[in-house]
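Here is the naming used below: chain letters follow the sequence lines, and residue numbers restart at 1 for every chain.
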Amino acid sequence: MTAKTKNTRARATTAGKRIKLTYQGLYDTYGPQHWWPGDCPFEVCIGAILTQSTSWTNVEKAIGNMKDARILSIKGIRRVNSRKLAGLIRPSLYYNVKARKLKEFIRFLDEQYASDVNNMRKTEMAELRKQLLAVWGLGPETVDSMLLYAISKPSFVVDAYTRRIFSRLGLSHPHSTYDELKSMFEASLPKDVRLYNEYHALIVRHGKTVCKTKPKCLECCLKKACANRIR
DNA sequence: GGCCAGGACACCA
DNA sequence: TGGTGTCATGGC
């Protein structure tokens with residue numbers, strides 16, 4: 001083994017330890033988050049699309065509108081015209097685009113999974129991820145959210161908070177790709193759905209509170225929260 | 001009135 | 001391939 005390889009492995013090991021310790025620090029600070037808010041796997045998938053670049057409070061309003069209109073179902077979304085659907089999800093931002101995304105997702109379920117989200121469980125995760133990424137409007141974060149929170153597959157979700165917090169902690173580069181960050185977490189943690197679920201939820205919780213109030217802090221407040229843990 | 005929130009796609013150089 | 005524009009509400 002070359003010295004360079006040794007250094008690379010040592011850095012990866014250190015990052016892995018810090019990723020685990022950071023989880024413990026977040027969990028101790030905020031406690032369990034009980035994600036994802038959604039009545040069933042299908043609703044979780046719809047929420048994953050609607051929450052793209054949008055706060056969850058706005059998504060709740062959009063989902064509430066869909067429930068009131070009795071279209072929060074595969075049949076309902078298939079039936080309703082795009083214009084009406086866009087009007088109902090208006091609070092979730094970018095409603096015209098998201099109405100199309102919902103329609104595309106329903107078409108995918110109709111064509112590939114006999115109109116049932118639960119049928120996706122039968123497909124091997126990597127293959128399913130590939131299929132979902134091929135659906136127009138579904139990017140990596142949305143797809144991983146669906147895999148993890150809707151059908152309990154161990155796929156780590158990376159979002160803007162993850163990127164921001166972990167680059168401030170010096171564990172990643174601000175310009176790291178989505179897959180680089182995802183691989184870093186998955187290589188550092190056991191493939192555990194509950195752990196991935198809780199970790200992402202805690203990152204969002206932390207990002208929405210402390211890191212939001214101090215957007216320009218170079219020393220992420222997480223360092224302080226975990227000061228006695230991270231070395 | 002301005003900024004930002006749990007992205008993704010289209011287009012261009 | 002990477003950067004930039006577009007989508008376009010609601011709360012603080």
Practice task
Using a heavy-atom cut-off of under 4.0 Å over every strand shown, decide if A:L138 touches base, sugar-phosphate, or nothing.
Solution key: sugar-phosphate

Exercise for the section: Using ring-ring contact (aromatic ring centres under 6.0 Å, His included) as the criterion, point out the one residue from A:W36, A:W35, A:F185 that pairs with A:H200. Expected result: A:W35

Problem - Ring geometry between A:F105 and A:F108 (parallel below 30°, tilted from 30 to 60°, perpendicular above 60°) - result: parallel

Exercise for the section: For side chain to side chain donor-acceptor pair (under 3.5 Å), just list the numbers for A:K182 and A:S155, CA-CA rounded to whole Å, side-chain angles, deciding distance to a tenth of an Å, and then say yes or no. Expected result: CA-CA 8 Å; A:K182 180 179 169 67; A:S155 191; 2.6 Å; yes

Practice task
Select base, sugar-phosphate, or nothing to describe what A:D159 touches, counting heavy atoms under 4.0 Å on all strands.
Solution key: sugar-phosphate

Practice task
For the pair A:S172 and A:E180, evaluate side chain to side chain donor-acceptor pair (under 3.5 Å) and give the outcome as yes or no after the intermediate values.
Solution key: CA-CA 9 Å; A:S172 64; A:E180 282 169 353; over 6 Å; no

Completion exercise
Per atom distances to the A:Y94 side chain, the nearest of C:dT9, B:dA8, C:dA8 is C:dA8

Exercise for the section: May I have the distance from A:N65 (atom CG) to C:dT9 (atom C1'), rounded to whole angstrom? Expected result: 12 Å

Practice task
Can you tell me the distance, in whole Å, between the CG atom of A:N58 and the P atom of C:dA8?
Solution key: 14 Å

Practice task
In whole angstrom, give the distance that lies between atom CD of A:E60 and atom C1' of C:dT9.
Solution key: 15 Å

Practice task
Pick the C1' atom in B:dA8 and in C:dG11, then give their distance to the nearest Å.
Solution key: 24 Å

Problem - A:L93, nearest nucleotide to its side chain (from C:dG10, B:dA8, C:dA8) - result: C:dA8

Handout entry: Euclidean distance for C1', C:dG3 against B:dA5 (whole angstrom)
Key = 22 Å

Exercise for the section: Under 4.0 Å between any heavy atoms, over every strand shown, what does A:K61 touch: base, sugar-phosphate, or nothing? Just pick one. Expected result: sugar-phosphate

Problem - Shortest side-chain distance from A:S53, nucleotide among B:dA8, B:dG7, C:dT9 - result: B:dG7

Problem - Nearest-nucleotide 5' precedence on DNA chain B, A:H200 against A:W136 - result: A:H200

Practice task
Output the single nucleotide from C:dG10, B:dA8, C:dC7 whose closest atom is nearest the side chain of A:E141.
Solution key: B:dA8

Problem - Pairwise P distance for B:dG1 and C:dA8, with rounding to whole Å - result: 22 Å

